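Order of appearance sets the numbers: ligands from 1, and atoms from 1 within every ligand. Since this is a predicted model, take the numbers as computed values, not measurements.
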Amino acid sequence: MTTKELIAQAEEDLLHTYNRYQIVLDRGEGVYLYDRDGKKYLDFAAGIAVFALGYGNKAYNDALKGQIDKLIHTSNLFYNEPSIEAAHKLKAVSSMDRVFFTNSGAESIEGALKSAVKYAYTKRGEKQPEVIALEHSFHGRTYGALSVTGNPHYREAFGPMNCNVSFAKMNDLASVEEKITEHTCAVIMEVVQGEGGLIPADEAFLRGVRELCDRNGILLIFDEVQCGMGRTGSMYAWQQYGVKPDIMTTAKALGCGVPVGAFLMTEEVAQYSLVPGDHGTTYGGNPFATCAVSKVLDLYEELDIVSHVNEVAPYLEEKLNGIVEKYSCATERRGKGLMQGLVLDRPVSGVIPALMDKGLIAISAGAQILRFVPPLVITKENVDEMIGILEEVLSALPDREA
Ligand SMILES: *Cc1c(COP(=O)(O)O)cnc(C)c1O
């Protein structure tokens, strides 16, 4: 089949929930991807902030192959060694106390919300739980996660949401305080908003929210699904602010491509929260997925991924700042670490295919923002290569019509 025929086939068989770019990816090597026609792309998307270690890491691949031959799945009715190891390592890097493995980011959010609601139920008999989330947040597509996602467009067609949620503003403490009622059981937020436009929280805001939560007996949930796993220059973004959540979610880079997530909590929350019968998953934490987590965490340490991010990220920032200075179509750079956005004065939908044509994969975050979330192992040379392609495309853009 030609690539064109293959894409036509996909559009007949798959439910049309994505407007996909017109390429069929075939294999990866380091920070490069190849489509089935052999065209090479520098990857600044990493499968949406997932493939942190780059493609074809031998130690990672060998660990997975070994686990496939040993045991892939057990269910949670039994113990398995990889999940025990992975949980222990995850606790160490997150300084949380209890881990529940899931299959995705959204499922981690579901668990985090249920944990907070159960905590309020046990502690004070709360039966009308309310949650405060932030505008422009993104927490996933399942009903609970969608309920706390601050993009009305995503929620509009899907009827009443399944928990009472109000939306406050990022970096506006008064707007959070205003939403607190006697029924509020949690505040949920990303430390750096991803889909909503690469918006980092201010330190004063995070500290303020923590204090508000403590004063009112409210749990603080940090969604670290995208900004976690070293991407912003610490294993979890909150660690740079010194503001610890009560519950935290992680996914995306956690398995570096194997679908796995987790929600974690402090012992204090665990004491009053989910117990046998409250929550479960058939696949979550299976030996294959947690073997990936365990190996990923080992490799983060061995390769000192976090230090590498702190070395490369300032260079990427500097180069993107240079783009903003040089090209009037680029109005702002924002983000943190290797989670960067470039705001354009026009829709990026016309720009991304041009970048792809020239061999660069970048994605969007909202209509006018180019998002750069590369594998965390990229080098300064890779940044230069990316900037070169970006400049070629931006300099060829027509002036914006008034
Ligand atoms: C991607 C994302 C999710 C949802 O994760 P899925 O694995 O797609 O369900 C939740 N929260 C944040 C911050 C994300 O970036």
Side-chain angles (χ1 to χ4, degrees), residues 15 17-18 20 45-52 94 100-116 131-151 154-155 158 161-163 165 167 170 186-201 206 220-232 235-238 245 247-264 281 283-285 289 292-293 296 334-341 362-366 369 371-374 376:
L15 187 65
T17 51
Y18 296 99
R20 290 181 163 89
I48 319 188
V50 168
F51 234 108
S94 66
F100 184 104
F101 286 112
T102 67
N103 306 286
S104 70
E107 196 190 334
S108 305
I109 299 293
E110 300 294 328
L113 291 172
K114 279 180 74 177
S115 301
V131 174
I132 298 172
L134 298 185
E135 290 175 8
H136 307 295
S137 63
F138 181 84
H139 299 294
R141 302 299 198 145
T142 53
Y143 258 100
L146 190 59
S147 299
V148 291
T149 287
N151 180 337
Y154 289 165
R155 298 195 308 267
F158 299 99
M161 294 287 111
N162 71 349
C163 68
V165 181
F167 291 93
M170 177 68 132
V187 173
I188 183 167
M189 60 175 289
E190 297 149 90
V191 178
V192 181
Q193 289 187 334
E195 310 291 317
L198 293 304
I199 304 165
L206 279 192
L220 180 56
I221 305 172
F222 283 160
D223 178 356
E224 290 261 359
V225 167
Q226 187 161 164
C227 62
M229 289 301 289
R231 183 153 294 278
T232 67
M235 199 59 191
Y236 287 100
W238 63 262
I247 301 174
M248 187 194 103
T249 61
T250 179
K252 288 199 164 86
L254 181 64
C256 276
V258 171
V260 59
F263 59 94
L264 299 92
T281 161
Y283 289 135
V293 173
V296 165
R334 58 198 197 203
K336 199 171 172 63
L338 291 180
M339 185 173 170
Q340 294 287 335
I363 51 179
S364 62
I369 304 177
R371 172 169 33 162
F372 303 101
V373 284
L376 302 183

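Residues Thr250 and Val225 form no side-chain contact, since every pair of their non-hydrogen atoms from C-beta on lies 4.5 Å or further apart. Here the side chains of Met339 and Gln226 are in contact, with some heavy-atom distance below 4.5 Å.
In this model, no donor atom of one side chain and acceptor atom of the other lie less than 3.5 Å apart for Arg334 and Gln193. Side-chain polar atoms of Ser137 and Thr149 form no donor-acceptor pair below 3.5 angstrom.
Interface atoms of ligand 1 facing Asp223, defined by a heavy-atom separation under 4.0 Å, are 10 (C), 11 (N), 12 (C), 13 (C). Under a 4.0 Å criterion applied to the non-hydrogen atoms of Ala106, ligand 1 contributes the atoms 4 (C), 5 (O), 6 (P), 9 (O). Proximity to Ser104 (heavy-atom distance under 4.0 Å) selects the following atoms of ligand 1: 7 (O), 9 (O). Near Glu190, with a cut-off below 4.0 Å to any heavy atom, the atoms of ligand 1 are 13 (C).
Ring planes of Tyr154 and Phe138: perpendicular class, angle over 60° (limits at 30 and 60°).
Distance alone, capped at 3.5 Å, is enough to place a donor-acceptor pair between the Arg371 side chain and the Ser364 backbone. Using modelled atom types, no side-chain atom of Thr232 and backbone atom of Gly228 make a donor-acceptor pair closer than 3.5 Å.
Nearest to atom 5 (O) of ligand 1 by heavy atom, out of Gly105, Gly196, Gly228, is Gly105. Comparing Glu195, Lys252, Met339, Glu107 by heavy-atom distance to atom 15 (O) of ligand 1, the nearest is Lys252. Taking each of Val225, Thr250, Asn103 in turn, the one with a heavy atom nearest to atom 3 (C) of ligand 1 proves to be Val225.
Heavy atoms of Arg141 stay at 4.0 angstrom or farther from ligand 1.
Listed here is the closest heavy atom pair of Cys256 and Ala52: SG-N, 3.7 Å.
Inclusion of Phe138 in the set of residues having an N or O under 3.5 Å from an N or O of ligand 1 is warranted. For the pair Gln226 and ligand 1, the shortest N or O to N or O distance falls below 3.5 Å.
For atom 8 (O) of ligand 1, the nearest protein heavy atom is 4.0 Å or more away.
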